[in-house]
Amino acid sequence: MRKKIIAGNWKMNMTPSEAVELVNTLKPLVDNDEVDVVFCVPSIDIIPVVEAVKGSNIQVGAENMYFEEKGAYTGEISPAMLTDAGIKYVVLGHSERREYFAETSGTVNKKMLKAFEHGITPIMCCGESLEQREQGVTMDFIRQQVKVGFQGVTAEQAKTAVIAYEPIWAIGTGKTATTQQAQEVCKGIRECIAEIYDESVAEAIRIQYGGSVNAETAPDLFAQPDIDGGLVGGASLKPDFGKIVQYKQG
Ligand code: 13P
């Protein structure tokens, strides 16, 4: 059985002092050892958040990372900087990064390889636009994102990876994909992983759904056979995140 992984993606929200305050509010609410709980936070919040979560079940992730070891890459953050600060996960290839910061599946792939090299678990995002969904090319597009993203990733590494299926039209819109739509694509992603590797990798890899997840939609989504948790934006900044993590008790 795959352990569910419920991650918050704070995006560009929370100053360091606000971040500590939020962690202190959420800490007792997300206390649930049955699931992996991850807070993916802005770079400048990493150090205070790692300190603030000490002694709790919360793990800390970054929202991005560069694929080089070190050097003249002004403004970037290296994998070693992240691991030294206590980071376990990194979100890679979020649609906002693809759209606003020219991230491609090729650069995502380089970052994936680098993250594994440093023992950081990638949460690789994929997802279609509304136009692509309407054109009926959703699965073709996502399969391409997954295939390029995982190029050169070994089976043993892939087993530990997390993929977040985030339809772009559902992000920040309040429009959650239906449970059926989310399950269908997550299943398709698992089949794609089985084609690239084999059934054992497909069975082990964790696939999240993301896009307007809230306390009401989480229980049904997370009950689907191919949905192993969620990547939560807006609702991860509120006490609601506690309800999402405790979705079974709702
Ligand atoms: P929302 O939950 O705010 O729609 O954001 C989803 C997301 O992009 C998480 O990475």
Side-chain angles (χ1 to χ4, degrees), residues 4-14 18-19 22 26 29-30 35-43 45-46 49 58-65 87-101 103 105 108 111-112 115 120-130 132-133 138 141-142 145-146 149 161-179 181-182 185-186 189 206-222 224 227-245 247 250:
K4 301 266 189 235
I5 172 164
I6 302 178
N9 172 9
W10 289 9
K11 308 193 178 184
M12 198 176 74
N13 295 293
M14 301 290 136
E18 288 168 344
L22 180 61
L26 292 179
L29 307 179
V30 301
V35 302
D36 284 332
V37 179
V38 187
F39 287 8
C40 299
V41 307
S43 302
D45 296 341
I46 289 172
V49 167
I58 303 164
Q59 293 182 293
V60 186
E63 297 179 14
N64 183 33
M65 182 197 88
I87 286 296
K88 304 282 185 237
Y89 292 87
V90 62
V91 177
L92 296 178
H94 192 281
S95 61
E96 287 150 14
R97 293 215 56 86
R98 294 180 194 254
E99 182 179 352
Y100 308 132
F101 304 100
E103 190 99 59
S105 290
V108 171
K111 292 178 180 190
M112 292 276 287
I120 305 172
T121 301
I123 300 177
M124 196 200 86
C125 302
C126 58
E128 82 288 4
S129 64
L130 186 58
Q132 287 166 325
R133 177 158 282 270
T138 296
F141 180 69
I142 291 171
Q145 286 183 319
V146 171
V162 181
I163 297 177
Y165 165 52
E166 300 206 305
I168 296 169
W169 48 271
I171 296 175
T173 57
K175 201 177 163 191
T176 320
T178 65
T179 305
Q181 285 170 326
V185 177
C186 290
I189 293 170
R206 292 188 290 180
I207 305 175
Q208 299 173 310
Y209 167 78
S212 298
V213 173
N214 58 43
E216 272 159 41
T217 55
D220 257 5
L221 286 164
F222 300 170
Q224 299 307 304
I227 303 180
D228 305 315
L231 185 57
V232 184
S236 73
L237 302 170
K238 299 185 229 158
D240 240 30
F241 193 60
K243 294 193 190 140
I244 295 173
V245 169
Y247 68 99

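Counting starts at 1 for both ligands and their atoms, following the listed order. Because the structure is a prediction, the values reported are computed rather than measured. Numbers here are sequence positions counted from 1.
Although no hydrogens or angles enter the test, the distance criterion places no donor-acceptor pair under 3.5 Å between the side chain of Arg97 and the main chain of Glu63. A donor-acceptor distance shorter than 3.5 angstrom exists from the side chain of Lys4 to the backbone of Phe222, with no hydrogens or angles considered. Looking at Glu166, its side chain never comes within 3.5 Å of a backbone N or O of Ile171 through a donor-acceptor pair. Ser236 contributes no side-chain N or O that, together with a main-chain N or O of Phe241, makes up a donor-acceptor pair within less than 3.5 Å.
A search for ring-ring contact (aromatic ring centres under 6.0 Å, His included) contacts involving Trp169 returns nothing, not counting sequence neighbours.
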N/O to N/O under 3.5 Å, ligand 1 against protein:
from: ligand 1; atom 1: 2 (O); to: Ser212; atom 2: N; distance (Å): 3.4
from: ligand 1; atom 1: 2 (O); to: Gly233; atom 2: N; distance (Å): 2.9
from: ligand 1; atom 1: 3 (O); to: Gly234; atom 2: N; distance (Å): 2.8
from: ligand 1; atom 1: 4 (O); to: Gly172; atom 2: N; distance (Å): 2.6
from: ligand 1; atom 1: 4 (O); to: Ser212; atom 2: N; distance (Å): 2.7
from: ligand 1; atom 1: 5 (O); to: Lys11; atom 2: NZ; distance (Å): 3.2
from: ligand 1; atom 1: 8 (O); to: Lys11; atom 2: NZ; distance (Å): 2.8
from: ligand 1; atom 1: 8 (O); to: His94; atom 2: NE2; distance (Å): 2.7
from: ligand 1; atom 1: 8 (O); to: Glu166; atom 2: OE1; distance (Å): 3.4
from: ligand 1; atom 1: 10 (O); to: Asn9; atom 2: ND2; distance (Å): 3.0
from: ligand 1; atom 1: 10 (O); to: His94; atom 2: NE2; distance (Å): 2.9
from: ligand 1; atom 1: 10 (O); to: Glu166; atom 2: OE1; distance (Å): 3.1
from: ligand 1; atom 1: 10 (O); to: Glu166; atom 2: OE2; distance (Å): 2.9

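To the nearest 0.5 Å, the span separating CG on Leu26 from CG on Asp240 amounts to 10.0 Å.
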